[in-house]
Amino acid sequence: SQVEWTLTKLSDEERGWKNRVVALDGELIQLKRDAVNEWKASTRGKQRTALMALRRNRAQTVGLLPNETEELAELDAEFTALGKARDELKSEKKNLMEKIEKAHESRRKPPKE
């Protein structure tokens with residue numbers, strides 16, 4: 001859910017949070033998503049997919065050979081790092097949105113009796 005911001009009431013700190021959310025939304029998270037997708041489509045990404053298929057196909061017999069297991073572990077680590085970078089930004093955005101919402105809640109005064 002998109003938080004409604006009224007710029008006039010934002011403190012400098014909150015304005016900083018909001019600007020960061022806008023940057024995360026506008027470009028930064030998408031760049032990380034693109035990096036993940038580009039990696040998947042790259043030669044290394046395709047090699048990882050092929051090794052995973054090979055592991056499934058050989059599951060009942062020999063499994064992956066030691067060099068294949070090592071290569072898959074390296075490729076998995078690369079893929080995981082890219083995904084983690086994306087997820088950290090998504091998490092940062094969520095935390096900032098919650099901080100902004102809390103700041104707004106604290107300013108909403110209950111109606112006078």
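All values reported here derive from a predicted model rather than from experimental measurement.
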Stepwise side chain to side chain contact (heavy atoms under 4.5 Å, CB included) test for Gln47 and Thr43:
CA-CA 6 Å; Gln47 180 63 10; Thr43 307; 5.6 Å; no
Starting from the C-alpha separation in whole Å, work towards a yes-or-no answer on salt bridge (charged side-chain N to carboxylate O under 4.0 Å, His left out) for Lys94 and Glu98.
CA-CA 6 Å; Lys94 182 174 179 272; Glu98 286 169 5; 3.3 Å; yes
Apply salt bridge (charged side-chain N to carboxylate O under 4.0 Å, His left out) to residues Arg15 and Asp12 and explain how you reach the verdict.
CA-CA 5 Å; Arg15 193 170 285 115; Asp12 287 346; 3.4 Å; yes
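Atom CD of Gln30 is surrounded by more than 12 heavy atoms from other residues, nucleotides or ligands within 6.0 Å.
The salt bridge (charged side-chain N to carboxylate O under 4.0 Å, His left out) test with Glu92 is passed by exactly one of Arg86, Arg20, Lys32, Lys99: Arg20.
With a 4.5 Å cut-off on side-chain heavy atoms, Lys102 and Met97 do not count as touching. Between Lys40 and Arg48, every side-chain heavy-atom pair lies at or beyond the 4.5 Å cut-off. Taking the side chain as every heavy atom from C-beta outward, Arg55 and Met52 approach each other to under 4.5 Å. In this structure, the side chains of Trp17 and Asn95 stay at 4.5 Å or more apart for every pair of heavy atoms. You'll find the side chain of Arg58 reaches within 4.5 Å of the side chain of Glu68, heavy atoms only.
In this structure, a donor-acceptor pair under 3.5 Å is absent between the side chains of Ser91 and Glu88. The closest side-chain donor-acceptor pair between Glu71 and Asn67, if any, does not fall under 3.5 angstrom.
Atoms NZ and CD1, from Lys93 and Ile29 in turn, are 5.5 Å apart once rounded to the nearest 0.5 Å. Residue Leu24 holds its CG atom at 11.0 Å from CG of Asn19, rounded to the nearest 0.5 Å.
Both Leu89 and Ile100 belong to a common hydrophobic cluster when Ile, Leu, Val, Met, Phe, Trp and Tyr are linked at side-chain heavy-atom distances under 4.5 angstrom. Residues Leu72 and Phe79 are members of one and the same hydrophobic cluster, defined by side-chain heavy-atom contacts under 4.5 angstrom among Ile, Leu, Val, Met, Phe, Trp and Tyr. By the rule that hydrophobic residues join a cluster once side-chain heavy atoms approach within less than 4.5 Å of another member, Leu28 and Leu96 end up as members of one cluster.
Considering every non-hydrogen atom in both Leu51 and Leu64, the closest pair reads O-CD2, 3.8 Å. Nearest heavy-atom pair, Ala41 versus Lys46, reported as atom, atom and distance to 0.1 Å: O-CE, 3.2 Å.
Evaluation of the side-chain hydrogen bond (donor to acceptor under 3.5 Å, both in side chains) rule for Arg44 yields Glu78 as partners, not counting sequence neighbours.
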